[in-house]
Amino acid sequence: MSQRISIHGQWSSRLMFILAASGSVVGLGNLWKFPYITGENGGGAFVLVYLLCLALVGIPIMMAEVLIGRRGRQSPVFSWQSVAAEAGASSAWKLAGWAGMLAGLIILSYYSVIAGWTLAYLVRMVSGSLMLVTAEGASSIFTQLVLDPERLLAWHTIFMVMTIKVVSRGVTKGLEQAARILMPLLLFMLVVLVAYAWRQGDFAQAYAFMFNSDFSKLTPNALLTALGHAFFTLSVGMGAMMVYGAYLPKGISIAKTSILVGLLDTVVGLLAGLAIFSVVFAHDLPAGDGPGLIFQTLPIAFGQMPGGSFFGTLFFLLLVFAAWTSAIALVEPMVSWWVEKRGIDRIRAAIWTGISAWLLGIVTILSLSSWSFSFSFGGVLKRHGLFDVLDILTSSIILPLGGLAIALFAGWVMSRDAVVEEFEGRAGIGFKLWYFVIRFITPVAVVLVFLRAIGVV
Ligand code: PHE
């Protein structure tokens, strides 16, 4: 079975897989979410736990997820099904594929709304209307945008169309092409911005904030947030890496490429955090401002710095590119499933997926402006609003559970021989280490963090 090629095509080279997978992992998670959740959770200790989650949970699961995808060579639901059949296991494992598709749809729905904010800010930056903006001015611009459903809807629609356009062109002409053009530009822009923040911002304070650990600030909620973010930022637990694995030609090392992509994502997240906090602290702005952090604080900071308008534009362009290549990966599991299941063409499948996520996105838009409520999860996680419900449901619940399923499946259900075969038959020390981690450490870590978050341990 492992010799077959996916009907959707395959990556034309190792580099293309690395670029596409990096496009998927590097996204709003690194540039928007990581800084604000680090700010909300007090910095250092949170970052350390997050790094541990990446190393012990996220990256090992990424390898397992790519592996299951390459063995199944289909959309996640069908890959789960066929690899489970090969292992003589219950076809109920495909439920994990379904849960992942649902998570992808939900994440895409709000991801596109936030990407819409970045498009709106990009236009403002280009027009120069954010120059010399005051703190009050910046927060009122942000509030006005978030409370304006029509404007949000317009940007949400534009972003969704951009995403669907790429996905409908297929693996080689769409996914690969976007990654080939956007990823090098994105990395270049990031380096320029870090150099700028280094020279103009307060790098020392940003460094201290991110790396001086104060464990008294680490709540059970922060633990689950760190774990959930490790999944979110690595795009694992919902099938995106599985479908990217399904397009991976034989003979390319899953271990090396996954570790490379995981490290790149980690470095980008840390660099983005350092750059953003340098700029924030240089202007004595608050770090714990929540989802509005980069939108409310950075324009003030950029507006007062030499060359700020240029670098501000570069920053929001970086965000748009990063969001774009990630949104593509959010759509692909469902599009590939639709094509396989219904035999419809990719363009139609992409349009239907886009419309579903677009409709769901309207819920996020309305919840930002008109419905607000509070809720708590296990008495510990107290959050507000529907946007938070969707975020917690996906990042903190479905992705970790999906990841747990992947770890258990690769570690305990698939035969060791099949797993080794996907590692090019090499069962050396690296393989043994990974196999131990995925069987014992990863599942236990995920379960423990869950139990801690709901107050059981
Ligand atoms: N990893 C992306 C980010 O950090 C989000 C994402 C999650 C993309 C799941 C694909 C699948 O923004």
Side-chain angles (χ1 to χ4, degrees), residues 19-38 50 53-54 58-59 61-62 65-66 69 75-76 96-97 99-118 159 163 166-167 175 178-179 182-183 186 190 225-246 258 261-273 276 291 294 318-336 353 357 390-403 406:
L19 285 178
S22 309
S24 152
V25 299
V26 174
L28 293 175
N30 309 61
L31 305 164
W32 160 73
K33 196 171 178 192
F34 176 61
Y36 91 70
I37 57 176
T38 302
Y50 162 70
C53 289
L54 285 176
I59 296 180
I61 290 183
M62 184 191 280
E65 187 171 334
V66 173
S75 66
M101 272 200 322
L102 179 71
L105 198 67
I106 299 175
I107 296 175
L108 178 66
S109 75
Y110 71 76
Y111 206 82
S112 167
V113 175
I114 313 291
W117 298 358
T118 67
F159 184 78
T163 305
V166 174
V167 176
L175 277 61
L182 298 177
M183 287 314 288
L186 186 147
L190 182 71
T225 307
L227 179 79
H229 189 62
F231 283 95
F232 185 87
T233 191
L234 290 176
S235 312
V236 296
M238 52 70 67
M241 280 299 151
M242 202 174 279
V243 79
Y244 277 28
S258 302
V261 170
L263 285 179
L264 183 88
D265 183 64
T266 311
V267 171
V268 170
L270 294 178
L271 284 179
I276 289 164
I294 58 172
L318 174 77
L319 274 169
V320 171
F321 285 1
W324 200 3
T325 48
S326 296
I328 292 168
L330 284 164
V331 180
E332 187 61 23
M334 190 170 254
V335 169
S336 56
T353 309
L390 297 180
D391 183 33
I392 291 182
L393 176 69
T394 48
S395 306
S396 300
I397 300 176
I398 306 184
L399 300 191
L401 288 181
I406 291 169

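One-based numbering, in listed order, for ligands and for the atoms of each.
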### Task
Anything under 30° is parallel, anything over 60° is perpendicular, the rest tilted; go ahead and classify Phe34 against His229.
parallel
Name the atoms and distances for all side-chain donor-acceptor pairs under 3.5 Å in residues 235-244, with sequence neighbours left out.
| from | atom 1 | to | atom 2 | distance (Å) |
| --- | --- | --- | --- | --- |
| Ser235 | OG | Ser24 | O | 3.1 |
| Ser235 | OG | Ser24 | OG | 2.9 |

### Message
Check whether Ser112 reaches the backbone of Leu108 with its side chain - one donor and one acceptor, N or O, closer than 3.5 Å.
### Response
no
### Query
Ignoring hydrogens and geometry, is there a side-chain-to-backbone donor-acceptor pair from Ser326 to Val26 under 3.5 Å?
yes
### Query
So Tyr111 and Phe232, would you call those rings parallel, tilted or perpendicular, with 30° and 60° as cut-offs?
tilted
### Query
Measuring from each atom of ligand 1, which residues have a heavy atom under 4.0 Å away?
Ser24, Val25, Gly27, Leu28, Gly29, Asn30, Tyr111, Phe232, Thr233, Ser235, Met238, Ala240, Ser326, Leu330
### Pro333 backbone acceptor or donor facing Ser336 side chain under 3.5 Å
yes
